[in-house]
Undergrad: 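Sharing a structure, written as structure tokens. Questions coming.
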Amino acid sequence: MLEELKKRVYEANILLPKYGLVTFTWGNVSEIDKESGIFAIKPSGVDYDKMTPEDMVLVDLEGHKVEGKLNPSSDMLTHLEIYRKMKDVGGIVHTHSTWATSWAQAGRNIPCYGTTHADYIYGEVPCVRNLTQEEIDAGYEENTGVLITDYFKDKDYMAVPCVLCKNHGPFTWGKDGHEAVHNAVVLEECAKMALLTELCNSHAEPTPQRVCDKHYFRKHGANAYYGQGNS
């Protein structure tokens, strides 16, 4: 069932160690098939070098495993909540990548300090709060997803395709699993550059909005002209 979906999700997961975004099994990628309402996700705690496409677990939007011998990622319910509430999202990545997680552990948003950030993320990367004890007890992973979707409910979440969960780590998303991985790589590089920027100049100021607008909208939207497909 949905063999191509499992293959794509497997290949997207394998990109995480390739780009240095995970240590051991600290991360996962999922992608949803919008027609069937089923998503594939990495199995929990399985080494990347031992996985196969057949190991990917299929889950429906009720949270029921519909195919797979292994247990889905422990973050499955967070992915599920995002797919339910953020309808344009087609793929999700969660990692504990070093630079982005450092900002999450500091409980800080990542400012837009330059055009590299502005090319892909329209504004600062938000860091959402810790869950309360009641939220943890009622369902830690599900309520992590609720926290994320509540934050983005009145925002353009495809223009800011990433979030930091305080004291935890980053989630990114995109139109599919591979785009979500791409955004995870971008986020990690922007987090690294932002921290180094503050080390170089502790009084560094965010990029002016006019510059952010120019760089973001030359790549995105109706009047985009970056690359070869818009002429």
Undergrad: Thinking salt bridges, do Glu189 and Lys192 make one under a 4.0 Å N-O criterion?
TA: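 Here Glu189 does not pair with Lys192 in a salt bridge, since their nearest N and O are not under 4.0 Å apart.
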Undergrad: Judged by atom type as modelled, is there a donor-acceptor pair below 3.5 Å linking the side chain of Lys6 to the main-chain atoms of Leu58?
TA: no
Undergrad: Give a yes or no on whether Trp26 and Tyr10 share a hydrophobic cluster (residues Ile, Leu, Val, Met, Phe, Trp, Tyr; joining criterion: side-chain heavy atoms under 4.5 Å apart).
TA: no
Undergrad: Return the minimal non-hydrogen interatomic distance between Leu164 and Arg108, and the atom names on each side.
TA: CD1-O, 3.5 Å
Undergrad: In terms of hydrophobic clustering (I, L, V, M, F, W, Y; side-chain heavy atoms under 4.5 Å; direct or indirect links), are Leu187 and Tyr216 co-clustered?
TA: no
Undergrad: State yes or no: do Leu70 and Val66 share one hydrophobic cluster built from I, L, V, M, F, W and Y residues joined by side-chain heavy-atom distances below 4.5 Å, directly or via other members?
TA: yes
Undergrad: What is the minimum heavy-atom distance between Gly174 and Asn183, and which atoms define it?
TA: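 Closest approach of Gly174 to Asn183: CA-ND2, 4.2 Å.
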Undergrad: If you count every heavy atom of other residues, nucleotides or ligands that lies below 6.0 Å from Tyr48 atom OH, does the total exceed 12?
TA: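 Counting neighbours around OH of Tyr48, more than 12 heavy atoms of other residues, nucleotides or ligands fall under 6.0 Å, so yes.
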Undergrad: Taking the six-membered ring of Phe152, is NZ or CZ of Lys85 closer than 6.0 Å to its centre and within 45° of its axis?
TA: no
Undergrad: Are any side-chain N or O atoms of Glu135 and backbone N or O atoms of Leu131, one a donor and one an acceptor, separated by less than 3.5 Å?
TA: no
Undergrad: With no hydrogens and no angle check, is any side-chain donor or acceptor of Trp103 less than 3.5 Å from a backbone partner on Ala191?
TA: yes
Undergrad: Could you walk me through whether Leu61 and Ile32 pass side chain to side chain contact (heavy atoms under 4.5 Å, CB included), step by step?
TA: CA-CA 10 Å; Leu61 288 175; Ile32 190 168; 3.9 Å; yes
Undergrad: Would you check if the side chain of Asn143 reaches a backbone N or O of Ile136 as a donor-acceptor pair within less than 3.5 Å?
TA: no
Undergrad: So, the side chain of Thr78 versus the backbone of Glu142: is there a donor-acceptor pair under 3.5 Å, distance only?
TA: no
Undergrad: Considering all heavy atoms of both residues, which atom of Ile121 and which atom of Pro161 are nearest to each other, and what is their separation?
TA: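 Scanning both residues completely, I find the closest heavy atoms to be CG1-CD, 4.4 Å.
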Undergrad: Step by step, work out the side chain to side chain contact (heavy atoms under 4.5 Å, CB included) result for Lys42 and His94.
TA: CA-CA 11 Å; Lys42 179 186 179 291; His94 172 53; over 6 Å; no
Undergrad: Has the side chain of His64 got a donor or acceptor atom that lies under 3.5 Å from a matching backbone atom of Val59?
TA: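 Between the backbone of Val59 and the side chain of His64 there is no qualifying donor-acceptor contact (under 3.5 Å).
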Undergrad: Measure from the side-chain N and O atoms of Tyr157 to the backbone N and O of Val89, and report whether any donor-acceptor pair falls under 3.5 Å.
TA: no
Undergrad: Got a salt bridge between Glu3 and Lys7, using NZ or NE/NH1/NH2 to carboxylate O under 4.0 Å?
TA: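 Not counted as a salt bridge, because no side-chain N and carboxylate O are separated by less than 4.0 Å.
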Undergrad: Ignoring hydrogens and geometry, is there a side-chain-to-backbone donor-acceptor pair from Asn201 to His203 under 3.5 Å?
TA: yes
Undergrad: Would you say Thr149's side chain and Val146's backbone share a donor-acceptor pair under 3.5 angstrom?
TA: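 Here the side-chain-to-backbone pair exists.
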Undergrad: What do you reckon, is NZ of Lys214 surrounded by more than 12 foreign heavy atoms closer than 6.0 Å?
TA: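 Not buried by this count: 12 neighbours or fewer within 6.0 Å.
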Undergrad: Rounded to the nearest 0.5 Å, what separation is found between the CE atom of Met158 and the CG atom of Asp88?
TA: 6.0 Å
Undergrad: If you compare all heavy atoms of Pro170 against all heavy atoms of His96, which two are closest, and at what distance to 0.1 Å?
TA: CD-CA, 4.5 Å
Undergrad: Which atom pair, heavy atoms only, marks the closest approach of Gly91 to Ala180?
TA: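 Nearest heavy atoms, Gly91 then Ala180: O-CB, 3.5 Å.
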Undergrad: Just how far is it from atom SG of Cys190 to atom CD1 of Ile110, taken to the nearest 0.5 Å?
TA: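 The CD1 atom of Ile110 is 7.5 Å from SG of Cys190, to the nearest 0.5 Å.
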Undergrad: Which value, rounded to the nearest 0.5 Å, describes the distance between Glu81 atom CD and Glu141 atom CD?
TA: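 If we round to the nearest 0.5 Å, Glu81:CD and Glu141:CD are 12.5 Å apart.
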Undergrad: Would you check, one step at a time, whether the test ring-ring contact (aromatic ring centres under 6.0 Å, His included) holds for Tyr122 with Phe217?
TA: CA-CA 9 Å; Tyr122 191 52; Phe217 290 111; 5.1 Å; yes
Undergrad: Check Thr25, Asn13, Asn28 against Ser73 for a side chain to side chain donor-acceptor pair (under 3.5 Å) and give me the one that passes.
TA: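 Only one option passes, and that is Asn28.
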Undergrad: Looking only at heavy atoms, which two atoms of Ser97 and Glu188 are closest? And how far apart?
TA: OG-OE1, 2.8 Å
